[in-house]
Q: 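Sharing a structure here in structure tokens format.
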Protein chains: 2
Amino acid sequence: MIINVDLAAEVPIYQQIRDQVVEAIAHGTLTEGSTLPPIRTLAADFGINFHTVNKAYDLLRQEGLIRLSRKTGAVVTAAATDQYLPSDWTAKARTLLAEAVARGIPADDVLHACRTLLDSFSATQQEDKP
Amino acid sequence: MIINVDLAAEVPIYQQIRDQVVEAIAHGTLTEGSTLPPIRTLAADFGINFHTVNKAYDLLRQEGLIRLSRKTGAVVTAAATDQYLPSDWTAKARTLLAEAVARGIPADDVLHACRTLLDSFSATQQEDKP
DNA sequence: GCCTTTGTTCTATTAGTTATAGAACAAAGG
DNA sequence: CCTTTGTTCTATAACTAATAGAACAAAGGC
């Protein structure tokens with residue numbers, strides 16, 4: 001999988017790594033059983049400290065998206081764990097959607113943008129099942 | 001308008017204030033010309049420092065949602081300023097939607113949650129126009 | 001059994017953010 | 001003239017982000 005880190009961005013590096021793994025799982029680039037690179041390897045690739053990568057992986061572990069073990073490394077766990085959206089997700093979504101509406105974007109356009117993004121996840125899975 | 005601040009939350013106080021003003025604008029509780037309380041008043045109401053409120057108002061000003069002037073105070077500016085969603089909005093939305101999908105929530109359910117939230121903004125405007 | 005690979009834990013430091021505090025300034029209006 | 005309001009300045013304490021280095025612990029390969 002391809003991860004890009006922008007050292008100059010306002011978003012913390014560990015958050016960028018976490019976000020891109022989440023997006024890769026949603027997109028199907030990473031599926032259950034996929035392994036992530038060792039923290040030291042990924043850190044070396046980006047020229048960052050391995051503690052920063054470790055923080056990202058630890059976050060993903062807390063969220064239940066990956067499983068960590070020595071030697072096995074970081075392995076993506078099952079997808080279908082949650083049944084409902086957690087309340088803090090809804091709160092974040094409310095704020096984000098409100099941002100768009102407050103700027104004068106019609107609700108239909110905002111919803112369409114969401115649909116397009118959601119479609120982009122399931123559009124081109126890396127494994128086809130015909 | 002009603003603003004609530006949770007001092008124990010992980011979200012910074014100035015961000016909470018900013019978010020709630022954005023949501024109030026999206027909801028129609030605050031419309032063009034509405035005035036926000038003076039920073040010192042709002043700070044006293046919450047028992048926080050006025051610099052914290054000032055930071056929230058300054059953020060809103062940078063986003064073009066309110067206009068600040070001495071004596072006039074903070075006034076909500078026009079809504080329909082932007083025509084398109086900025087790219088960083090889309091990036092944030094992509095991450096948030098991916099979070100839900102990665103947890104195994106079906107895309108349809110996620111989209112429905114977005115629709116429900118968007119509906120809640122325009123549902124009960126404070127001014128009806130029959 | 002030894003060694004390598006891997007995540008884990010510890011302390012430490014630097015830079016930046018968040019929130020508080022107090023003081024003073026500046027403009028607009030009654 | 002004075003009050004109200006946002007603006008700017010310095011300062012401080014607590015927390016976060018990122019770096020750094022060292023050491024530990026378990027799992028697997030040879």
Side-chain angles (χ1 to χ4, degrees), chain A residues 1 3-22 30 33-77 88 92 95, chain B residues 1 3-22 30 33-77 88 92 95:
Chain A
M1 70 164 293
I3 296 183
N4 285 307
V5 165
D6 180 2
L7 300 177
E10 70 293 347
V11 181
I13 300 173
Y14 76 92
Q15 188 78 44
Q16 292 181 44
I17 297 171
R18 177 267 179 195
D19 288 350
Q20 288 181 47
V21 171
V22 169
L30 292 176
S34 300
T35 56
L36 300 181
I39 57 175
R40 287 172 178 85
T41 306
L42 202 55
D45 287 353
F46 298 150
I48 61 175
N49 196 279
F50 77 91
H51 289 108
T52 307
V53 180
N54 188 54
K55 191 168 181 178
Y57 280 18
D58 196 54
L59 237 178
L60 289 161
R61 184 187 56 75
Q62 283 174 38
E63 297 180 77
L65 292 173
I66 65 174
R67 169 169 40 88
L68 293 176
S69 67
R70 304 176 216 259
K71 200 65 187 176
T72 319
V75 184
V76 176
T77 54
D88 73 309
K92 281 195 285 183
T95 301
Chain B
M1 67 165 295
I3 296 183
N4 285 307
V5 166
D6 180 2
L7 300 177
E10 71 292 347
V11 182
I13 301 173
Y14 77 92
Q15 188 79 44
Q16 293 181 44
I17 297 171
R18 177 269 180 193
D19 287 351
Q20 288 181 48
V21 171
V22 169
L30 292 175
S34 299
T35 56
L36 300 180
I39 54 175
R40 286 174 179 83
T41 305
L42 202 55
D45 288 353
F46 298 149
I48 61 175
N49 195 277
F50 76 90
H51 290 109
T52 307
V53 180
N54 188 55
K55 190 167 182 178
Y57 280 19
D58 196 54
L59 236 180
L60 290 161
R61 184 187 56 74
Q62 284 174 36
E63 298 180 78
L65 292 173
I66 65 174
R67 170 169 39 90
L68 294 175
S69 67
R70 303 177 216 259
K71 200 64 186 179
T72 320
V75 184
V76 176
T77 54
D88 72 310
K92 281 196 284 183
T95 301

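By convention in this document, chain letters (A, B, ...) are assigned in the order of the sequence lines, proteins followed by strands, and residues within each chain are numbered from 1. Since we're looking at a predicted model, the values are computed, not measured. Values below: every heavy atom of this structure, side chains too, minus hydrogens, waters and symmetry copies.
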Q: Could you tell me whether the phosphate oxygens of C/dT18, OP1 or OP2, come under 4.0 Å of any side-chain nitrogen or oxygen in B/Tyr14?
A: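 It does, given that an N or O in the side chain of B/Tyr14 lies less than 4.0 Å from OP1 or OP2 of C/dT18.
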Q: Rounding to an integer number of Å, can you tell me how far B/Gln62 CD sits from D/dT7 P?
A: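 Taking atom P of D/dT7 as the reference, CD of B/Gln62 is at 11 Å.
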Q: Nearest 0.5 Å, please: how far is CG in B/Leu59 from CG in B/Asn54?
A: 10.5 Å
Q: Indicate the atoms forming the closest heavy-atom contact of B/Arg18 with B/Ala56, along with that distance.
A: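 So the two residues come closest at N-CB, 4.2 Å.
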Q: Please list, in numerical order, the residues of residues 44-53 of chain B that have a heavy atom closer than 4.0 Å to any atom of DNA chain C.
A: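 The answer is B/Ile48, B/Asn49, B/Phe50, B/His51, B/Thr52.
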Q: Rounded at 0.5 Å granularity, tell me how far CD in A/Gln20 sits from CG in A/Leu30.
A: 11.0 Å
Q: At less than 4.0 Å, is any side-chain N or O atom of A/Tyr57 found next to OP1 or OP2 of C/dG7? Yes or no.
A: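 For C/dG7, neither OP1 nor OP2 has a side-chain N or O of A/Tyr57 closer than 4.0 Å.
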Q: For D/dA14, give its Watson-Crick or G-U wobble partner with both distances under 3.5 Å, or none.
A: C/dT17
Q: With rounding to the nearest 0.5 Å, note down the distance linking OG1 in A/Thr77 to CZ in A/Arg61.
A: 11.5 Å
Q: Do you know which two heavy atoms are closest between B/Ile66 and B/Leu36, and how far apart they sit?
A: CG2-CD1, 4.1 Å
Q: Starting from C1' on D/dT8, measure out to CG on B/Asn54 and report it in whole angstrom.
A: 10 Å
Q: Starting from P on C/dT18, measure out to CG on B/Asp58 and report it in whole angstrom.
A: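 Rounded to the whole Å, the gap is 13 Å.
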Q: What nitrogen or oxygen pairs link the protein and nucleotides 27-30 of chain D at under 3.5 Å?
A:
none

Q: Quick check: closest heavy atoms across B/Ile39 and B/Tyr57, and the distance to 0.1 Å?
A: CG2-CD2, 3.5 Å
Q: Take atom CZ of A/Arg40 and atom P of D/dG21, then tell me their distance rounded to the nearest Å.
A: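 It works out to 13 Å between those atoms.
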Q: Once you round it to whole Å, what is the distance between P of C/dA15 and CG of A/Leu7?
A: 17 Å
Q: Should C/dA26 form a Watson-Crick or G-U wobble pair with both distances under 3.5 Å, which nucleotide is its partner?
A: D/dT5
Q: Could you tell me whether the phosphate oxygens of D/dA18, OP1 or OP2, come under 4.0 Å of any side-chain nitrogen or oxygen in A/Lys55?
A: no
Q: For B/Arg67 and C/dA27, what is the distance between atoms CZ and P respectively, to the nearest whole Å?
A: 18 Å
Q: Regarding A/Ile39, tell me which of base, sugar-phosphate or nothing describes its non-hydrogen contacts under 4.0 Å with the strands shown.
A: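 The residue A/Ile39 makes base contact.
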Q: When rounded to the nearest 0.5 angstrom, what is the spacing between CG in B/Leu60 and CD1 in B/Ile17?
A: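 The CD1 atom of B/Ile17 is 9.5 Å from CG of B/Leu60, to the nearest 0.5 Å.
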Q: Keeping the roles fixed (side chain from B/Thr52, backbone from B/Ala43), state whether a donor-acceptor pair exists under 3.5 Å.
A: no
Q: Mind checking who C/dG1 pairs with, Watson-Crick or G-U wobble, both distances under 3.5 Å?
A: D/dC30
Q: May I ask you to decide whether B/Asp58 forms a salt bridge with B/Lys55, counting only side-chain N to carboxylate O separations under 4.0 Å?
A: no
Q: In whole angstroms, how far is the C1' atom of D/dT8 from the CG atom of B/Leu68?
A: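 Going from B/Leu68 (CG) to D/dT8 (C1'), I get 14 Å.
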Q: Rounded to the Å, how far apart are A/Ile13 CD1 and C/dA15 P?
A: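 Interatomic distance, CD1 of A/Ile13 to P of C/dA15: 16 Å.
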Q: With sequence neighbours left out, write down each residue that passes side chain to side chain contact (heavy atoms under 4.5 Å, CB included) with A/Thr41, or none if nothing qualifies.
A: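 Side chain to side chain contact (heavy atoms under 4.5 Å, CB included) list for A/Thr41, sorted by chain: A/Pro38, A/Asp45.
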